[in-house]
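Quick notes on the structure that follows.
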Amino acid sequence: MGTVHARSLEPLPASGPDFGALGEEAELVEVEPEAKQEILENKDVVVQHVHFDGLGRTKDDIIMYEIADVFKAKNLIDVMRKSHEAREKLLRLGIFRQVEVLIDTCQGDDALPNGLDVTFEVTELRRLTGSYNTMVGNNEGSMVLGLKFPNLLGRAEKVTFQFSYGTKETSYGLSFFKPQPGNFERNFSVNLYKVTGQFPWSSLRETDRGISTEFNFPIWKTNHTLKWEGVWRELGCLARTASFSVREESGHSLKSSVSHAMVIDSRNSSILPKRGALLKINQELAGYTGGDVSFLKEDFEFQLNKQLLWDSVFSASLWGGMLVPIGDKPSSIADRFYLGGPTSVRGFSMYSIGPQSDGDYLGGEAYWAGGLHLYTPLPFRPGRGGFGDLFRTHFFLNAGNLCNLNYGDGPKAHLQKLAEYIRWSYGAGIVLRLGNIARLELNYCFPMGVQSGDRICDGVQFGAGIRFL
Amino acid sequence: MQLPLLFSAKKAHGSSTFAALRCPNGSVFSITFSQARDRGRTSLPTIREAFLQMCNLPVRVVCRANAEYMSPSGKVPFIHVGNQVVSELGPIVQFVKAKGHSLSDGLDEVQKAEMKAYMELVNNMLLTAELYLQWCDDVTVEEITHPRYGSPYPWPLNRILSYQKQWEIRRKMKAIGWAGKSLEQVLEDVDQCCQALSQRLGTQPYFFNKQPTELDALVFGHLFTILTTQLITDELSEKVKNYGNLTAFCRRIEQQYFEGHDKDSSATASARCAKRSLLR
């Protein structure tokens, strides 16, 4: 009594399997399950030792925090559950490739009759992992080199470096990440980067070289991020035919800003969620810590999902934002909001709504956008249980508006301005989920409320991305 | 039709300055942008202004800190007319000619070739000497050029951009073989150039007869800048002052084309343009 088997049955006799003996054992086996059941449910146990095999450079203190709960388990089911949770926590640290848990009775002199030993067998990640890719696309080829140093100093610090060398542009990023021992959700990271972007809808090319430090911490059910960022921005024209308003924005500027973001996410998945809600509020204040760009920027994102009959999901989302320049300098094209495209108001070309000059879209200082969606499984449910589950049919209604505000007028005038000339669209399509990060959409859209200057994409529109209205 | 705008150099203090220069008759409206600060090409704004003035074209000058980046070729000044943007003296002259205005119509082929040769001389000598003095002479660079060049930008961008420009100019100097020259050699070259110009000018009011041409605008622009820009030493301006007819030439053009219009511009401009005068 009192033996908990995490190992296999007793070894077969050396003379080989003997069916006679097996018959006897078979009887034993019949009896044991009942005894086992009794043990699992009622037996009180004490976890006496927790062993770790395979630790190299990882320091002890962070491990202690993650496994502290295992000691508090009272019965076997509890031990198994807490060990499983500890295993998840250890994997989340990102420093182990594999974690295996073995639960066994305690052996040795100080072993209690109901004492248990839990052993975690871990394999640490190597000190340096690298990756090398070549990418071709958009008339450009590039080599991407990635280096990662997990668990640099033993307490789950991580340094990543990515370098992309292309025929047209070069970009790189270096990032250092450190979680608080015992509290992985609280962490800070420092990033150094250079990125270049080309925006054909505005005939603009932007090169950002910057440094940012970020501090994340949870408060109750919300996740907060405090960030300081200093960016040297260089804007240029993408073509000689760029309009003069875009040409005027060329040059260098320095933005130093402090921002705060709050996220509450109760959805069950970030792509095609079935239930739950998301609220993200972000504010950014630039200009008070240096630099020559000064503004206050607010934006929010809200999404609500509800499951209806027959596996269909109804989803409503609302986005909005406002940019208030501080001082007499007008806002820069790199800070303004853009609207339109397969990931925001469908039926319009990418970022092609709102103020424009000679076909180059200049963005706006205030916007709102909303969408109502109905997701249903594919008609007749082909490929059910397998590949077909990644697809959904999708009926949508999107609306939005983007404009510049004259901040001298009151808020009533602003609301009025945002409410006139609303662009909206409706349609249907198919959505494909890619892993847990991205989704592809193929829609047939009917854009409405089109104002002069907007570029539409009525008919079939394809979209790929991670964040959709 | 909108008023032409000449975007010119923003002065060292980083404040925008506008100057509206009006001329009586003009069917071509142009907007000229010049550098927002005295970078390597200090003489260029005045050249363009002078040229357009001589053509009797109404032009408005606007100063911007990012004029260098706004220009399609990266060089200032440039003009913005209607929908078109044209930069550098050569193309501007061509553009204006296409619209029907030209200063060198009265010249025959030989004179035109001679004018081109002198313009090349001025570009190769005077322009490069100005750049050398601004960017390759350590004392001047530290005390005058870096602060002036970086003045519109906050720290640390002002240092980064001035060092970037300095490396670029020094590389260019190395490519044309001027990196090894000393200050004395550069001044010698300037002296020789001024001698050639002075000999060509002689006692005439302009380089070619009684009418100003592009060469006059070019020479005026460079000499005016050399004579009025404040540097650590006055050696460069002294070299030019040695030739009396050149200084008289500059003064004459300044009086004829610029001073008369300053009164107009102060009434119409939105900010005062800090114009330096030879007569100080």
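For the numbers below, each heavy atom of this structure counts, side chains included, while hydrogens, waters and symmetry mates do not. Note on naming: letters A, B, ... go to the chains in the order of the sequence lines (proteins, then strands), and numbering restarts at 1 for each one.
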Heavy-atom count around A/Trp228 CH2 within 6.0 Å, excluding the residue itself: above 12? yes
Value for NE2 (A/His252) from CG (B/Asn158), rounded to nearest 0.5 Å, stands at 12.5 Å
For A/Glu248, does its backbone N or O pair with a side-chain atom of B/Asn66 as donor and acceptor, under 3.5 Å? yes
Should the heavy atoms of other residues, nucleotides or ligands under 6.0 Å from OH of A/Tyr351 be counted, would the total exceed 12? no
Heavy-atom side-chain contact between A/Arg247 and B/Tyr69 under 4.5 Å: no
So with a 6.0 Å cut-off around OH of A/Tyr421, is the heavy-atom count from everything else above 12? no
Decide yes or no for B/Ile160 and A/Trp232: does some side-chain heavy atom of the first lie under 4.5 Å from some side-chain heavy atom of the second? yes
Report which part of A/Glu249 has an atom under 4.5 Å of a heavy atom belonging to chain B: side chain, backbone, both, or neither. backbone
A/Lys148, NZ atom: more than 12 neighbouring heavy atoms under 6.0 Å: no
Check whether more than 12 heavy atoms from other residues, nucleotides or ligands sit under 6.0 Å from atom OH of A/Tyr165, and answer yes or no. no
Below 4.5 Å from any heavy atom of chain B, which atoms of A/Ser253 appear? Answer side chain, backbone, both or neither. backbone
